[in-house]
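The block underneath contains the structure these notes are about, expressed in structure tokens.
For reference, positions follow the sequence shown, starting with 1. Computed over heavy atoms, backbone and side chain alike; hydrogens, waters and symmetry mates excluded. In each ligand, atom 1 is the first atom listed, and ligand 1 is the first ligand listed.
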Amino acid sequence: MTIRAVVKGVGHYLPERVVQNAEFEKTIDTSDEWIRSRSGIERRHFAAEGQTTSDLAARAAGAALANAGLTVDDIDAIVVATSTADLTFPSAATMVQARLGMTRGFAYDVQAVCAGFVYALANANALIVSGQVRRALVIGAETFSRLMDWTDRGTCVLFGDGAGALVLEAHDGSGTPADRGILSVDLNSDGRHRDILYVDGGVSTGTTGHLRMQGKEVFRHAVEKLAETAHTALEKIGLSGEDVDWIVPHQANIRIIEATAKRMQVPMDRVVVTVQDHGNTSAASIPLALSVGVTRGQIKPGDLVVTEAIGGGLAWGSVVLRW
Ligand SMILES: CC(C)(COP(=O)(O)OP(=O)(O)OC[C@H]1O[C@@H](n2cnc3c(N)ncnc32)[C@H](O)[C@@H]1OP(=O)(O)O)[C@@H](O)C(=O)NCCC(=O)NCCS
């Protein structure tokens with residue numbers, strides 16, 4: 001018998017304020033046309049002043065619990081993927097725990113930047129299959145608007161804020177890819193690429209810092225590495241692109257999403273795309289897209305879903321699951 005971490009519920013939260021591309025035309029040398037054609041982004045949400053990552057995360061978690069028909073008393077652990085925790089410490093996850101009124105179990109953050117949700121899913125899966133917890137909340141939440149240099153047109157138009165969450169529950173499986181739940185994981189990192197995507201602040205500088213990116217270089221790595229990690233995760237369980245019902249990719253750039261789907265030989269009508277509405281929400285982008293994909297009626301129980309992401313580090317990876 002195999003224990004599987006099965007998705008019991010999904011939910012998301014987006015801050016109220018929507019910023020259209022045209023708003024940037026007032027402050028920097030850019031255009032709606034450039035942003036749309038180079039990235040696929042049309043709008044993004046920005047958190048209100050004083051609204052923090054743990055606030056967005058707790059709201060997404062509440063939606064996922066409601067969707068699962070569960071309460072916090074049913075949850076054993078909270079794993080939050082974020083690079084924009086409210087404070088250097090404690091973790092955003094323990095703040096979410098307090099916001100939800102959860103007084104048992106344990107909570108912690110995972111930091112793998114835009115690959116964070118894939119890492120957090122892999123981590124929560126390990127907790128469940130090893131029998132340490134029965135149910136886990138896995139959340140991706142970010143306020144990347146707080147890291148933007150508003151004079152850098154190459155980055156500030158690309159990112160947004162938001163949160164998405166899944167409830168995972170231990171179920172008995174047969175050990176075959178026909179099982180529901182997480183079926184395969186592939187994680188990678190290569191610290192030699194630190195300088196192409198990083199924040200120039202933190203504890204060592206005593207500042208929050210701003211996001212710095214060599215867009216073209218990140219783009220090149222993304223196209224190469226995303227299809228590869230998805231392929232590896234599928235291959236581990238004897239599957240290929242043909243078996244995939246939905247790719248739910250990290251939503252950074254429509255051109256990266258399209259190139260990855262093409263390399264995986266999966267048509268775009270089997271890819272959940274939300275980048276036009278959310279921009280790049282880093283670790284929140286995959287759970288947001290999963291939640292929107294379910295709401296739209298795209299992802300259904302039994303579907304084979306492949307998530308893949310890459311971000312600062314570089315860190316990248318893929319999780320294959322049956323919904
Ligand atoms: C950032 C990105 C959209 C830029 O697209 P690109 O096709 O590579 O464009 P380039 O970097 O070649 O820039 C082309 C020109 O547009 C300019 N440009 C950059 N941002 C601009 C903006 N917002 N508006 C108008 N022009 C802009 C550049 O200055 C450059 O001008 P130059 O040729 O005079 O120097 C693209 O590289 C990308 O998406 N990279 C990956 C980013 C990513 O996914 N990061 C997160 C990973 S988690």
Side-chain angles (χ1 to χ4, degrees), residues 19-44 81-84 110-120 140-145 147-162 187-191 193-200 210-230 248-261 271 273-276 278-289 307-318:
V19 175
Q20 304 289 343
N21 288 346
E23 273 201 42
F24 290 99
E25 294 173 2
K26 297 177 199 156
T27 50
I28 50 172
D29 182 12
T30 191
S31 65
D32 173 44
E33 205 284 318
W34 191 95
I35 302 168
R36 263 176 213 255
S37 63
R38 304 315 293 156
S39 72
I41 298 165
E42 297 172 23
R43 60 195 67 81
R44 75 286 291 138
T82 191
S83 306
T84 49
V110 165
Q111 209 270 51
V113 204
C114 295
F117 191 75
V118 165
Y119 272 62
E142 303 278 17
T143 46
F144 258 53
S145 63
L147 295 178
M148 292 300 113
D149 172 353
W150 299 110
T151 64
D152 178 8
R153 66 178 182 167
T155 55
C156 73
V157 301
L158 301 175
F159 294 87
D161 302 336
L187 301 181
N188 312 269
S189 66
D190 186 343
H193 303 297
R194 188 196 88 147
D195 291 346
I196 64 171
L197 181 53
Y198 68 103
V199 170
D200 59 1
H210 293 116
L211 184 144
R212 305 295 174 200
M213 179 171 73
Q214 294 172 31
K216 257 197 186 1
E217 270 301 291
V218 176
F219 193 99
R220 193 175 62 76
H221 282 285
V223 169
E224 180 192 300
K225 292 182 164 61
L226 289 173
E228 198 175 282
T229 181
V248 183
H250 172 47
Q251 311 280 325
N253 184 313
I254 189 66
R255 293 185 294 138
I256 295 174
I257 293 171
E258 285 169 351
T260 305
V271 182
V273 179
T274 56
V275 69
Q276 69 282 3
H278 302 163
N280 182 347
T281 58
S282 191
S285 93
I286 287 176
L288 266 166
T307 66
E308 31 87 349
I310 187 166
L314 294 174
W316 69 101
S318 176

Numbering the atoms of ligand 1 from 1, which are under 4.0 Å from a heavy atom of [X]?
X	value
Asn253	3 (C), 38 (C), 39 (O)
His250	48 (S)
Val157	23 (N)
Ile310	48 (S)
Cys114	48 (S)
Gly154	20 (N)
Val218	43 (C), 45 (N), 47 (C)
Ala252	44 (O)

Task: Salt-bridge present (Arg220, Glu217; N to O < 4.0 Å) - done: yes

- [ ] Look at Asp195 together with Arg212 and state whether they make a salt bridge at an N to O cut-off of under 4.0 Å.
- [x] no

Open item on the list: Can you tell me if Thr155 contacts ligand 1 (heavy atom of the residue under 4.0 Å from the ligand)?
Closed with: no

Do you see a protein non-hydrogen atom under 4.0 Å from [atom]?
atom	answer
atom 34 (O) of ligand 1	no
atom 40 (N) of ligand 1	yes
atom 30 (C) of ligand 1	no
atom 18 (N) of ligand 1	yes
atom 47 (C) of ligand 1	yes

Can you tell me the protein heavy atom closest to [atom] and the distance?
atom	result
atom 7 (O) of ligand 1	Arg38 NH2, 2.5 Å
atom 14 (C) of ligand 1	Trp34 CZ2, 4.5 Å
atom 10 (P) of ligand 1	Lys216 NZ, 3.7 Å
atom 45 (N) of ligand 1	Met213 SD, 3.2 Å

For ligand 1, does [X] get within less than 4.0 Å through its side chain, its backbone, both, or neither, judged by non-hydrogen atoms?
X	result
Ile256	side chain
Leu158	side chain
Thr30	both
Ser39	neither

- [ ] Name the orientation class of the two ring planes belonging to Phe24 and Trp150 (parallel below 30°, tilted from 30 to 60°, perpendicular beyond 60°).
- [x]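 Because their plane-to-plane angle is under 30°, the rings of Phe24 and Trp150 count as parallel.
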
Open item on the list: So for ligand 1, is Gly215 a polar contact partner (N or O within less than 3.5 Å, distance only)?
Closed with: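 Such a contact does occur with ligand 1.
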
Task: N or O contact, Asn280 vs ligand 1, cut-off under 3.5 Å - done: no

- [ ] Establish, from distance only, whether the side-chain atoms of Glu142 and Thr281 form a donor-acceptor pair under 3.5 Å.
- [x]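 No, no side-chain donor-acceptor pair sits under 3.5 Å.
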
Task: Nearest option to atom 36 (C) of ligand 1, as decided by whichever heavy atom of Gln214, Glu33, Arg255, Gln251 sits closest - done: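 Selected option, by shortest heavy-atom distance: Arg255.
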
TODO: Check for a donor-acceptor pair, side chain of Arg44 on one end and backbone N or O of Asp161 on the other, with a separation under 3.5 Å.
DONE: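 A pair under 3.5 Å: no.
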
Sub-4.5 Å side-chain heavy-atom contact between [X] and [Y]:
X	Y	result
Trp34	Asn21	no
Phe117	Thr307	no
Leu226	Ile256	yes
Leu197	Leu211	yes
Asn188	Glu228	no
Ser282	Val113	yes

Task: Candidate pair Phe219 and Arg255, rule side-chain contact (heavy atoms from CB on, under 4.5 Å), full reasoning - done: CA-CA 9 Å; Phe219 193 99; Arg255 293 185 294 138; 3.8 Å; yes

Open item on the list: Using every non-hydrogen atom in the two residues, find where Ala222 and Ile310 come nearest and quote the distance to one decimal.
Closed with: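 Reported closest heavy-atom pair: CB-CG2, 3.8 Å.
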
TODO: Locate the shortest heavy-atom distance separating Arg38 from Asn253; write the atom from each residue and the value.
DONE: O-ND2, 2.9 Å

